[in-house]
2 protein chains.
Amino acid sequence: MTTFTVAPDNVYCGASTQVKRGASQLAQGPPPGYPISTFSGGAAISKRSTIIDVAHLAGVSIKTVSRALNDAPHVSAEARERVKAAAATLDYHPNIAAQSLIARRSFLIGLTYERPSPSYVVELQNGALARLEESRYRLVVLPFRNVADRPAELGRLLMRAGLDGVVLAPPACDQDELLAMLDKHRLPYARITPHSAMDRGIVLAMDEVAAGEAVAAHLLELGHTRIGIVLGDPSHAASAARMEGYRRAFAEAKVVIDDRLIVTGDFTYDVGYKVAEHLLRQTPQPTAILAQNDDMAVAAMAAVRDCGLSVPHDISIAGFDDSEVARTAWPQLTTVRQPVMKMSWDATDRLIGWLDAGRKDGSEGEMAFARRGNHPHELVVRASTAPPKV
Amino acid sequence: MTTFTVAPDNVYCGASTQVKRGASQLAQGPPPGYPISTFSGGAAISKRSTIIDVAHLAGVSIKTVSRALNDAPHVSAEARERVKAAAATLDYHPNIAAQSLIARRSFLIGLTYERPSPSYVVELQNGALARLEESRYRLVVLPFRNVADRPAELGRLLMRAGLDGVVLAPPACDQDELLAMLDKHRLPYARITPHSAMDRGIVLAMDEVAAGEAVAAHLLELGHTRIGIVLGDPSHAASAARMEGYRRAFAEAKVVIDDRLIVTGDFTYDVGYKVAEHLLRQTPQPTAILAQNDDMAVAAMAAVRDCGLSVPHDISIAGFDDSEVARTAWPQLTTVRQPVMKMSWDATDRLIGWLDAGRKDGSEGEMAFARRGNHPHELVVRASTAPPKV
DNA sequence: TTGTATGCGTTATCAA
DNA sequence: TTGATAACGCATACAA
């Protein structure tokens, strides 16, 4: 048993923060004698070379250039070489807008999310980016606040963005009105962990009820019965699903849920801290806290400590997601792993598969892949949970 | 003085993590009876309506439609109304590829970064996105690993991405070869916290030497003299700049730097943890640790606790960046605020200003804004630093 | 194997 | 205030 002490001023208190400003020279002018311009701002002096320039230089027609550069058949090896050399000489890069115009696609994949947790967002992005890496597609990020309040606005934003397809993270993935708009405009989409209309679009699911049940069961098995619950944003269907899982675990363990120990957060640290404080003021105090994501769990940990208590000695804490904070928190957080990056990779993969297949043969529904994928969750037991004090 | 205890198994140890898998049904087939297809995968049955359709429906020419929809002059109010109504009826959205082709720009801004810290990345993105919100521009994210090893590869990636401009975060912003390629291809760029060639492109700077000096001075003023230093990735020029600041503070305080107390990390938590462990094995042990970013500082905090010591009672810790982890850590981290989001907003703003100005009049260098902006840093003193034990 | 001519959906020119 | 027509840069029937 390691014992240590903490200085008394180690409390959560924004007001005690001291700030010293460094020198500021906002928008200072350019230093004297610096070059007027490093690059030309659009009004290019020498225009970018086009396929015609390459054709001239290589002494062939533009069609031959096109074939050679796209590694299409029916080009003599010699012509191909000449063309490639000419292209290199002229630093030729095909105009993507022109290609898009004729190909009728932009090679742009959108990613929409609302979750404010940095680690969740980055995992989401990295999954999609990993899949897009060697492809022609590029990723456009389109965060959007309060989708539940204005789904049509997001819909218009997506329509205007010139995307070939879009990956929808929660809670946008569950907005009926949004899906209806996308359907109407034939903008393909993949949905990450949706909870309704599971037959629409590409669906990457995880059994969040079972996952919620797993963490809750873990705390119950340790012997906790007074468990505070910090819900996420109610506009996310996941909140209700995870709660349903908690309920099942409690029912299974024959433990009654005390409604005064259920508080609602919004997946952010700050709100999580406040509602956790509220939980800690209840009597008798809960001996454990179940938070619906890791950020709120970490906030609860801070709130517990700011009460002079310790985790998990006095109070156990469990999160959800297994995002980066779960591992960098101290003590490390017990949580349920949601394979966000894999789901995002998978969503992007299937979306691209759908797009590319639709291109080749017009036969819809004859996809080589399943429109739905289920991903496993994992209960990850770390150091933030322990049996209750006796 | 609050005293509390921690269970003995609360140590940083990935191996002790227990994992239970939930049910997995990866790539399960579609449920029976689900609709074959919700959307058509590209081979659209009814093509998207074009400007011609709108012109027909409104009984005007396409030029009039163009004028009306773009709120251009020389259109009768009556015609404008008819056109807008027709467009709404047909759910018309202009084809961005066609617009790009003629406008000779894509309305795509790229954002390149390498930093693995989620909170840094998200701040960077959010700054750019905030500026782009109501504009026609969209943000393409282009993370790239090991720029220092292969700048030309990143250059080609950027050329191929069809961008109008690009925001370069460290360390790409300091890659000469990359800048040369961008110059050559006339792809405008804005650089965030560069440390070399300050006259090239748009530059958003912060005085990192002074910032480094500020944190170091803070620890020295508290009375620390044995201070461990955790450097960031050497390929980031910021690492050397911040270290230079540390040196100045030490010199000013007439404290000699012990080279055995300088270790090199890479801005990640994991490596930060390892090198911090190394520092803690030195004798006599340092009484404080200066980390070059917050993630490594938090890692150092974990390492300190895993030694059975406490922060800041036994060892003080300071970070750099004031990213989200600094505030959600416990105790909250003393650090230097780097206004990443503001710099990113500013970079994007000036980049767009440059692009839009270059459009209107070809006069380069006659910009309405400065090509360089300096942002202030702030020393943020929180709970992770205290005077050394006596 | 190669080249010519046409179209993709906009905006811009310039005459009506 | 309008509209026919020409770009924009590329890809592709179709002809050679």
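In what follows, chains carry the letters A, B, and so on, assigned in the order in which the sequence lines appear, proteins first and then strands, with residues in each chain numbered from 1.
- The distance from atom CG of B/Leu101 to atom P of C/dC8 is 14 Å, rounded to the nearest whole Å.
- One interatomic measurement links the two molecules: NE2 of A/His93 to C1' of D/dC10, which rounds to 16 Å at whole-angstrom precision.
- Rounding to whole angstrom units, CZ of residue B/Arg67 and P of C/dC14 are separated by 14 Å.
- For A/Thr50, no side-chain nitrogen or oxygen approaches OP1 or OP2 of D/dG9 to under 4.0 Å.
- Taking the side chain as every heavy atom from C-beta outward, B/Arg80 and B/Leu69 never approach each other to under 4.5 Å.
- The line from OG1 of A/Thr348 to CG of A/Leu129 is 8.5 Å long, rounded to the nearest 0.5 Å.
- In this model, no side-chain donor or acceptor of B/Arg48 finds a partner on the base of C/dG9 within 3.5 Å.
- Of the candidate nucleotides C/dG3, C/dG7, C/dC14, C/dG7 has the atom nearest to the side chain of A/Ile102.
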(request) Step by step, work out the salt bridge (Lys or Arg N to Asp or Glu O under 4.0 Å) result for B/Asp71 and B/Lys84. (result) CA-CA 10 Å; B/Asp71 289 315; B/Lys84 292 203 169 177; 3.2 Å; yes
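- Not a single donor-acceptor pair, N or O on each side, falls under 3.5 Å between the base of C/dG9 and the side chain of A/Arg104.
- In this structure, A/Arg82 atom CZ and C/dT2 atom C1' are separated by 12 Å, rounded to whole Å.
- A salt bridge between A/Arg372 and A/Asp199 is absent, with no side-chain N of the basic residue lying under 4.0 Å from a carboxylate O of the acidic one.
- To the nearest angstrom, P of C/dT11 lies 12 Å from CG of B/Asp71.
- For the pair A/Asn70 CG and D/dC10 C1', the computed distance is 9 Å after rounding to whole Å.
- One atom, CZ of A/Arg105, and another, P of C/dG9, lie 16 Å apart when rounded to the nearest Å.
- Along DNA chain D, the nucleotide nearest to B/Ala98 and the one nearest to B/Val75 differ in position, and the one closer to the 5' end is contacted by B/Val75.
- Counting non-hydrogen atoms under 4.0 angstrom, B/Ile62 reaches a base of the nucleic acid.
- Toward the 5′ end of DNA chain C lies the nearest nucleotide of A/Arg80, the other residue of the pair B/Lys63 and A/Arg80 mapping further downstream.
- Salt-bridge check for A/Arg350 with A/Asp346: passed, with a basic side-chain N closer than 4.0 Å to an acidic carboxylate O.
- The phosphate of C/dT2 has neither OP1 nor OP2 within less than 4.0 Å of any side-chain N or O from A/Thr64.
- As rounded to whole Å, 12 Å separates atom P of C/dT13 from atom NE2 of B/His74.
- Residue B/Asn95 places no side-chain N or O under 4.0 Å from the OP1 or OP2 atom of C/dC8.
- Note on B/Gln99: a side-chain N or O is less than 4.0 Å away from OP1 or OP2 of C/dT11.
- Taking the side chain of B/Ser66 as heavy atoms from C-beta on, and the options C/dG9, C/dT11, C/dT10, the nearest nucleotide is C/dT11.
- One finds no side-chain N or O of A/Ser61 lying less than 4.0 angstrom from the OP1 or OP2 phosphate oxygen of C/dT4.
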